[in-house]
**Student:** 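Here's a structure for you.
Here is how names work: the chains are called A, B, and so on, in the same order as the sequence lines, proteins then strands, and each is numbered from 1.
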Amino acid sequence: MGHSEGHAIGAHRVAEFAGFTFNLDTLYMTWLAMAIVIFLAILATRRLSIVPSGWQNFLEMVVTALLDQIESTMGPKGRKLAPLIITLFLFILVCNELGLIPGFASPTNDINTTLGLALMVIVLVHTLSIKNKGLVNYIKHYFQPFIPFVIINIVEEIAKPVTLSFRLFGNILAGEILLIILGKLVPYVVPTAWLAFSVFVGIVQAFIFTMLSMSYLSSSLQDDHH
Amino acid sequence: MVDLNATLVAQIINFLILVAILSKFAYKPLMNMLAERQAKIQSNLDSAEQERLAAEQLKQEYLTQMAEARVQAQTIMEKATKLAEQTKEEILQQAREESARLLKNTRDEIAREREQAMQEFKGEIVTLAVAAATKIIAKNLDEQANAKLVDNFIQDLDEKKIGGLPC
């Protein structure tokens, strides 16, 4: 299990650029993950045919399953957001599984990645909410059902991106750390079992992130709010 | 471990780029293809449904025709049976009449034959009786009596003046 060798677990190699600090390994891994997602997508849709086969089957299965989910939770308006949500799922899935390959790290083991994605979703939620309900209704919604509820509502809104990002970040980072530690403590069998379980965790976490994003987005798309 | 920096913004941009690329190169073609497939399946189903309806109609027609044919056959059968019955009755009637006529003819024939036979019989008996009588009489009568009988006979003839013949 030779990744993150030479520096502390969870720490990142940093680079300064134009006064900003970037986590280089996270960026590299993100680009790799993007490349893999694009590669898979292109591979699957390169020769689209009415009768699907090979990779097209797999991608279609994922996409149609997500589309059904989008349709049922967000309604017909959600279709516009479908590319975003499908990409979100595929990207996080690839990111999660990438860290399980020795020598690689998950981009999602960096809080910058997960919080970035979560903030993007939340910004989208509020933008859509204002666009859909109007600014007055949007603000009024924070004071319902009673005015003192504004505190609870604001805390809830802040908690959304925080829980969304930390859940993914914590799961993936903990998984990778445990993988290294187990590899050092019991080199045989146990890390393999954990690796297998991590594959499952990676899928589940990607799914949870996507699902929660969808439910947040769907509440902002509803017309009649009660 | 939890150190926020400019990577956060970079990641958002990265992700949005990914969304743009995927939606352009993978999502749109895939959606088009799915829509195309849906349309194709729908049209196939529609045509199948149409064909099914046509087949159903055809079957209905056949059934109606079959029923009609059965009814016709029934009618023809009944007619034929009636006709046969009638013919049978006629033939029987004729046969009965014929037999009655034959019987009557035969009876008449028999009666006539009997009558004739009786006549013949009578003649025969008379002849026989005369013959027998002649024989018996021939023995008993002598010349005298015989001549007397003949004289009487001639006398009688004269007396009655029958024919008035000179003998």
Side-chain angles (χ1 to χ4, degrees), chain A residues 8-12 14 16-24 26-27 30-31 33-35 37-38 40-46 48-52 56 59-60 63-64 67 79 82-88 90-92 107-117 119-120 123 166 169 173, chain B residues 1-70:
Chain A
I9 296 163
H12 298 282
V14 294
E16 297 281 338
F17 183 77
F20 297 109
T21 314
F22 293 98
N23 295 339
L24 273 185
T26 305
L27 285 180
T30 306
W31 292 331
M34 283 166 71
V37 171
I38 291 166
L40 288 179
I42 299 292
L43 195 73
T45 56
R46 188 183 42 178
L48 283 176
S49 61
I50 294 286
V51 183
Q56 195 190 333
L59 195 85
E60 250 181 43
V63 169
T64 47
L67 274 178
R79 278 206 95 108
L84 182 100
I85 285 160
I86 291 164
T87 311
L88 196 63
L90 290 175
F91 178 64
I92 295 172
T108 40
N109 77 358
D110 189 340
I111 187 68
N112 288 300
T113 310
T114 58
L115 190 59
L117 293 174
L119 280 176
M120 184 207 68
V123 166
F166 273 87
F169 163 67
L173 185 65
Chain B
M1 201 180 276
V2 183
D3 41 356
L4 293 172
N5 54 31
T7 316
L8 192 147
V9 182
Q11 291 296 64
I12 292 173
I13 292 162
N14 278 336
F15 179 74
L16 291 177
I17 290 167
L18 186 66
V19 170
I21 291 170
L22 281 191
S23 65
K24 185 153 169 51
F25 291 106
Y27 183 74
K28 280 221 183 85
L30 194 67
M31 283 301 111
N32 289 343
M33 204 277 309
L34 285 178
E36 199 182 324
R37 183 188 300 160
Q38 195 176 5
K40 194 175 161 143
I41 290 170
Q42 190 61 49
S43 77
N44 280 354
L45 280 179
D46 284 351
S47 68
E49 178 67 17
Q50 249 163 11
E51 269 160 34
R52 198 185 65 79
L53 282 178
E56 189 76 18
Q57 203 179 348
L58 212 63
K59 188 188 155 198
Q60 213 60 42
E61 264 171 37
Y62 280 145
L63 281 181
T64 318
Q65 279 177 0
M66 283 274 282
E68 270 173 24
R70 203 168 288 139

**Student:** What part of L88(A) gets within 4.5 angstrom of chain B, counting heavy atoms only: side chain, backbone, both, or neither?
**Tutor:** both

**Student:** Relative to chain A, which segment of L34(B) carries a heavy atom at a distance below 4.5 Å: side chain, backbone, both, or neither?
**Tutor:** side chain

**Student:** So what's closer than 4.5 Å to chain A heavy atoms on Y27(B): side chain, backbone, both or neither?
**Tutor:** side chain

**Student:** So what's closer than 4.5 Å to chain A heavy atoms on I41(B): side chain, backbone, both or neither?
**Tutor:** neither

**Student:** Nearest 0.5 Å, please: how far is CG in L18(B) from CG in L90(A)?
**Tutor:** 8.5 Å

**Student:** I need the M120(A) CE to L8(B) CG distance, nearest 0.5 Å.
**Tutor:** 11.5 Å

**Student:** If you measure from CH2 on W31(A) to CD1 on I17(B), what distance do you get to the nearest 0.5 Å?
**Tutor:** 9.5 Å

**Student:** Measure the spacing between CG of L84(A) and CZ of F15(B) and express it to the nearest 0.5 Å.
**Tutor:** 5.0 Å

**Student:** State the CG-CD1 distance between L115(A) and I12(B), to the nearest 0.5 angstrom.
**Tutor:** 8.0 Å

**Student:** For I38(A), is it the side chain, the backbone, both or neither that has a heavy atom under 4.5 Å from a heavy atom of chain B?
**Tutor:** both

**Student:** Applying the side chain to side chain donor-acceptor pair (under 3.5 Å) test to Q11(B), which of T108(A), N112(A), T30(A), T114(A) qualifies?
**Tutor:** T30(A)

**Student:** To the nearest 0.5 Å, how far apart are CE in M31(B) and CG in L67(A)?
**Tutor:** 4.5 Å

